[in-house]
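All of these numbers come straight from a predicted model, not from anything done at the bench.
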Amino acid sequence: VAVIDATTQADLATNVAKKLLSAGFNVLTARNIDSLTNPGNASSSVVYLRAGTDSNVANQVASKLGGLKVVTSDKFDDPITVVVGSNLKQ
């Protein structure tokens, strides 16, 4: 799982990554988003799932983060990418 912060809130990606790590998920990276690859907006949190990846894990990640929307997309290189927006409740 990759966690990407689409907001300007300090340490948001790191905090979400820690939450997922403590729940047993394999988090590969936590970083800020590059505006050139941002598929959405900074207010919406979404779990992106690459085509061909098992959706069970993506759905578990989405559930752990409060029932986020899961979208199939090849926008990111990682199998599962969480783009964290300002709507995420911590």
Using side-chain contact (heavy atoms from CB on, under 4.5 Å), reason through I80 and Y48 one step at a time and then give a plain yes or no.
CA-CA 6 Å; I80 299 171; Y48 289 93; over 6 Å; no

Taking D78 for the side chain and V1 for the main chain, is one N or O donor matched with an acceptor at less than 3.5 Å?
no

Between side-chain atoms of residues 55-72 and protein atoms elsewhere (two or more places apart, or another chain), which donor-acceptor pairs fall under 3.5 Å?
residue	atom	partner	partner atom	Å
N56	ND2	D54	OD1	3.4
N59	ND2	S55	O	3.1

Of all heavy-atom pairs linking A6 and V83, the shortest is CB-CG1, 3.7 Å

Could you give the side-chain donor-acceptor pairs of residues 22-30 under 3.5 Å, partners two or more places apart or in another chain?
residue	atom	partner	partner atom	Å
S22	OG	K18	O	3.3
S22	OG	K19	O	2.9

Is a side-chain N or O of S45 found less than 3.5 angstrom from the main chain of G85, in a donor-acceptor match?
yes

Let me see the working for V3 and L20 under side-chain contact (heavy atoms from CB on, under 4.5 Å), right down to the final yes or no.
CA-CA 9 Å; V3 179; L20 293 174; 4.0 Å; yes

Distance (rounded to the nearest 0.5 Å) between N32 CG and D5 CG
5.0 Å

Knowing that exactly one of T7, L12, T8 qualifies, which makes a side-chain contact (heavy atoms from CB on, under 4.5 Å) with S86?
T7

Between R50 and F76, is there a donor-acceptor pair closer than 3.5 Å when you use the side chain of the first and the backbone of the second?
yes

